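Take a look at the structure below.
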2 protein chains.
Amino acid sequence: MRGLGICRVLVDLGWEEPRSNGQDTMTQERRSFSARRIMFRRDEIMSQVPVLCEGWAASTVQLTNGRRQILSFLLPGDMITAALLFDQRLHYSIDAITRGCYRVFDRAQFREAMFRSPKIFERILSIYNEEKIRADRLITDLGRRTGAERVACLILDLWDRLRKAGLAENDSIDFPLRQTHIADATGLTPVYVNKVLGEFRRSGLVTITERSLQINDEARLRRMTT
Amino acid sequence: MRGLGICRVLVDLGWEEPRSNGQDTMTQERRSFSARRIMFRRDEIMSQVPVLCEGWAASTVQLTNGRRQILSFLLPGDMITAALLFDQRLHYSIDAITRGCYRVFDRAQFREAMFRSPKIFERILSIYNEEKIRADRLITDLGRRTGAERVACLILDLWDRLRKAGLAENDSIDFPLRQTHIADATGLTPVYVNKVLGEFRRSGLVTITERSLQINDEARLRRMTT
DNA sequence: CGTAAAATTGAGCTGTCTCAATCAATGTGG
DNA sequence: CCACATTGATTGAGACAGCTCAATTTTACG
């Protein structure tokens, strides 16, 4: 249970106890969402900043011809985006992947905390920096890597993030993504993703069951991403 | 000459007069760089924040197998990246495209200004937001657009940025990019970029001469990017 | 148990790449 | 001011990674 149901960001800010023991002043009500629902729409004006407590989501962009790109996956504990602290307009949609719940916090509240404490200021900005670094990495993945490499990068990225958040079992992680999600995140086709994953599985790299992913040969997988 | 030689960011901050009339207290010496030089290396620890005054540069990532990706182009007046205000480590290299010059400013000086004035704070963060928005757009370009579309997006993006910075002639812009740069920015091959540009030229979309680009049919070009 | 969503597989097809050669432009040293 | 060297642009032929279309099987779930 460790790590589930609490929002890492808020713990970092000291707004929530690691072992959440009930009501504290900052606790907002949880809003729940169901799988495959659009949570927020592109260009929506957000007066508050949502933070995921449980479940997975994705920031997505829809092109006119139906093509879809996933910009990033949002894991339990993630703020939708730190950009909302500085810009009210959401520049992409947020789509739920699983069901889950989130809380919302006042931008003003967040910002006040930032100005009050340099440590919180640094923390928030480093969260935003991480978003940017991950975006830059995705750019080079999409621009200069083959399909198989991209899928490997994605798996390892999720692996590392979940691990760091304490959301990984020993050698496997919760993995609710459909192959369509992987396709939209890697700029590939569901059919092709299926072939890549089939290769991975057949060569003993990973084991994917309905809702979990196990990495059998991390070294080899990582070698694909260098 | 308008707009050349002064750094937009600094004007925005009130650190430099729009019509630069000599020495003021904030003016640092200009450092010049020559074309095709690596200006800063990935993972370099930057104690200061460089701002481009003249010339073009690019933030680039090199993969081990020689593949290269350009994350963004830096135009006259651009800060290398606002991320340097919050994180000393540069996460990619900066390569000069043309020759030009830049100035450096103390991170501390910048940050102090941010804390002193909420307006400057907003301004800096909105610069960072723009970087992030452009990165997100590039992700969807690379993930979900054809080669021709990507090139069109790139041209229009540069066009719009130069225009906004007051660095465009009536209908043409200074365009020092080699086809290799376009290839590395769009995730394509120089050979293929050449073919795409050939198409564009032959169909009367754009006219490219040695160092300038002219858009002949903006509407059609923009239609490719929707 | 039936139905809808997701995964899998196969057969072509095409956008983009690789390789390679040629040509144009620019800069450099003598 | 010329000859050469270097960098970039152009073009063609063939190859292949990844796509489309379409059919089939598996899984989830009310």
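In what follows, chains are A, B, ... by sequence order, proteins preceding strands, each numbered from 1. Values in this document were obtained by computation on a predicted structure and should not be read as measured data. All values below were derived from every heavy atom in this structure, side-chain atoms included, with hydrogens, water molecules and symmetry-related copies excluded.
- Taking five base pairs at each end of the helix from C:dC1-D:dG30 to C:dG30-D:dC1, the local helix axes there meet at an angle of 50°, rounded to 10°.
- Judged as a side-chain hydrogen bond (donor to acceptor under 3.5 Å, both in side chains), and not counting sequence neighbours, the contacts of A:Arg222 are A:Asp160, A:Glu218.
- B:Asn170 pairs by the side-chain hydrogen bond (donor to acceptor under 3.5 Å, both in side chains) definition with nothing, not counting sequence neighbours.
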Seminar exercise, completed: Contact string for nucleotides 5-17 of chain C, one letter per nucleotide 5' to 3', B = base within protein heavy-atom range under 4.0 Å, S = sugar-phosphate only, - = neither, reads -SSBBBB---SBS
Show which side-chain atoms of residues 188-198 of chain B pair as donor or acceptor with protein atoms under 3.5 Å away, not counting sequence neighbours.
residue: B:Asn194; atom: ND2; partner: B:Gln179; partner atom: OE1; Å: 3.0

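- Listed by chain and number, the residues in a salt bridge (Lys or Arg N to Asp or Glu O under 4.0 Å) with B:Arg201 amount to none (sequence neighbours excluded).
- Not counting sequence neighbours, A:Asp171 has no partner by the salt bridge (Lys or Arg N to Asp or Glu O under 4.0 Å) test.
- Annotation: salt bridge (Lys or Arg N to Asp or Glu O under 4.0 Å) contacts of B:Arg223 (sequence neighbours excluded): none.
- Every side-chain hydrogen bond (donor to acceptor under 3.5 Å, both in side chains) that A:Ser212 has, sequence neighbours left out, goes to A:Thr209.
- Taking 4.0 Å as the cutoff to heavy atoms of chain A, we find the contact window on DNA chain D bounded by D:dA17 to D:dA28.
- Residue pairs meeting the salt bridge (Lys or Arg N to Asp or Glu O under 4.0 Å) criterion with at least one partner in residues 135-153 of chain A, sequence neighbours excluded, are A:Lys132-A:Asp136, A:Arg137-A:Asp157, A:Asp141-A:Arg145, A:Arg144-B:Asp184, A:Glu149-B:Arg67.
- Sorted by first and then second residue, the ring pair (Phe, Tyr, Trp, His ring centres under 6.0 Å) pairs with a member in residues 29-63 of chain A read A:Phe40-A:Tyr102; sequence neighbours excluded.
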